[in-house]
Amino acid sequence: MRAAVLHEIGQDKLEVLDDVEAVGFGPGKVRIRVRATGLCHSDLSAMNGVLPQPAPFVPGHEGAGEILEVGEGVRHLQAGDRVVVCWLPACGACPACRRGQTELCLAGFMNAGTPNYKRPGGDLFGFAGTGTFTEEVVVDAGCAVPIPDDVPFDIAALIGCGVTTGLGAALNTADVEAGSSVAVIGCGGVGISAIQGARLRGAAEIVAVDPVPARREAALKFGASRAVSPDELPDAKQQVTGGEGFD
Ligand SMILES: NC(=O)c1ccc[n+]([C@@H]2O[C@H](COP(=O)([O-])OP(=O)(O)OC[C@H]3O[C@@H](n4cnc5c(N)ncnc54)[C@H](O)[C@@H]3O)[C@@H](O)[C@H]2O)c1
Ligand SMILES: [Zn+2]
Ligand SMILES: [Zn+2]
């Protein structure tokens, strides 16, 4: 099958190869036909070495598709189910999960550190234990989250990382309250979703900060009340050292 592969950290181009095979299928696993995948900034950061990732690897961790096959013991999924690939599923068993704070799950990646693919030339890793720039991926059944039939795959794929991270930042981490003022710095996939989360919570003022005009326009469409470039912000450092405007 085909997959886009980064051979070495620091390269800026992927090679599309057609001799790649997804490995690791067995009890507790599912094989997924990837129908759509997003590009998250973390993929780029893994490619350029900012985030630790062994190479060669298949980038991509925001994916959606259909279950092709389920391993022994997998009861909640079956072939044909439409799913989102979740690279950081909640384990359901750790103390955080048991008190209902699945966003603080301590289990970590289900698959990271183990090669997810092979080809005649050797093993390949999948980014964040997944690797969705490919036609098929094998993951732990907990990494496959069913979605309704009417959610298009290209939209569902984004829920695999950017949407969940941004919404989670607003709803869980910052716990935005109705009527509050929020600044979202960086309005890409994550920031736009944080803006939507703040909007959902009824924030009174949502200031989007991004140097790219198109991103600022998008932020306004997604619910920001104001969009500014970082250049337009007051010099925060000066305010702190000067002591004014910081009470
Ligand atoms: N769960 C996680 O921990 C998690 C998940 C997803 C993404 N991330 C990280 O979150 C960050 C954002 O990811 P993304 O996919 O939304 O990236 P993105 O590239 O889609 O968006 C980043 C945005 O930041 C803007 N930006 C650049 N410099 C800026 C500055 N000085 N001030 C304000 N804005 C600036 C860019 O113009 C761009 O619109 C990345 O670092 C990514 O690795 C973390
Ligand atoms: Zn857990
Ligand atoms: Zn991501």
Side-chain angles (χ1 to χ4, degrees), residues 6 9 12 34 36-53 57-64 84-112 126-133 137 139-143 145 156-174 182-198 206-222 224 226-237:
L6 187 85
I9 301 301
D12 63 352
V34 178
T37 182
L39 172 66
C40 170
H41 206 105
S42 301
D43 294 308
L44 303 176
S45 297
M47 288 171 62
N48 66 22
V50 167
L51 287 177
Q53 169 63 40
F57 77 99
V58 176
H61 57 290
E62 294 188 330
V84 164
V85 177
C86 172
W87 56 272
L88 191 60
C91 73
C94 74
C97 282
R98 291 172 79 140
R99 62 174 185 264
Q101 287 181 295
T102 51
E103 74 275 15
L104 300 180
C105 176
L106 304 172
F109 298 139
M110 287 285 182
N111 239 1
F127 180 50
T130 56
T132 53
F133 290 2
V137 61
V139 289
D140 192 280
C143 299
V145 180
L158 303 178
I159 297 172
C161 186
V163 169
T164 315
T165 303
L167 273 180
L171 304 183
N172 295 322
T173 313
V182 174
V184 175
I185 299 175
C187 302
V190 173
I192 286 285
S193 305
I195 288 169
Q196 291 176 90
I206 305 171
V207 181
V209 184
D210 201 294
V212 178
R215 295 289 174 112
R216 296 200 294 272
E217 275 166 39
L220 291 170
K221 284 189 193 144
F222 278 96
R226 199 147 55 98
V228 298
S229 166
D231 306 338
E232 297 171 59
L233 294 176
D235 185 342
K237 199 171 156 203

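Computed from a prediction, not measured in an experiment: that's the story for all the values here. First listed ligand is number 1; within each ligand, the first listed atom is number 1. The figures that follow rest on heavy atoms only: side chains count, while hydrogens, waters and symmetry mates do not. One is the number of the first residue; the rest follow in order along the sequence.
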Closer than 4.0 Å to some heavy atom of [X] - which atoms of ligand 1 meet that?
X      : value
Cys161 : 5 (C), 6 (C)
Val212 : 37 (O)
Trp87  : 1 (N)

Among all the protein's non-hydrogen atoms, which is closest to atom 2 (C) of ligand 1, and how far away is it? Thr165 CG2, 3.9 Å

When you measure from atom 38 (C) of ligand 1 to every protein heavy atom, which one gives the shortest distance, and what is it?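 I find the closest protein heavy atom is Asp210 OD2, 3.4 Å.
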
Using protein heavy atoms only, decide if any is under 4.0 Å from atom 24 (O) of ligand 1. yes

Is it the side chain (CB and beyond), the backbone, both or neither of Pro230 that lies under 4.0 Å from ligand 1, heavy atoms counted?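 The part of Pro230 near ligand 1 is the side chain, not the backbone.
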
Please state which part of Arg215 comes within less than 4.0 Å of ligand 1, counting heavy atoms only: side chain, backbone, both or neither.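 It is the side chain that touches ligand 1; the backbone stays farther off.
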
If the cut-off is 2.8 Å, does any N/O/S atom of Cys40 fall short of it from the Zn ion (ligand 3)?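 So Cys40 counts as coordinating the Zn ion (ligand 3), yes.
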
So Phe57 and Ile9, do their side chains get closer than 4.5 Å, heavy atoms only?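 The answer is yes, as the side chains (C-beta and beyond) meet within the 4.5 Å cut-off.
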
Is the shortest distance from a heavy atom of Pro211 to ligand 1 less than 4.0 Å? yes

Looking only at N, O or S atoms, which one in His61 sits nearest to the Zn ion (ligand 3)? NE2

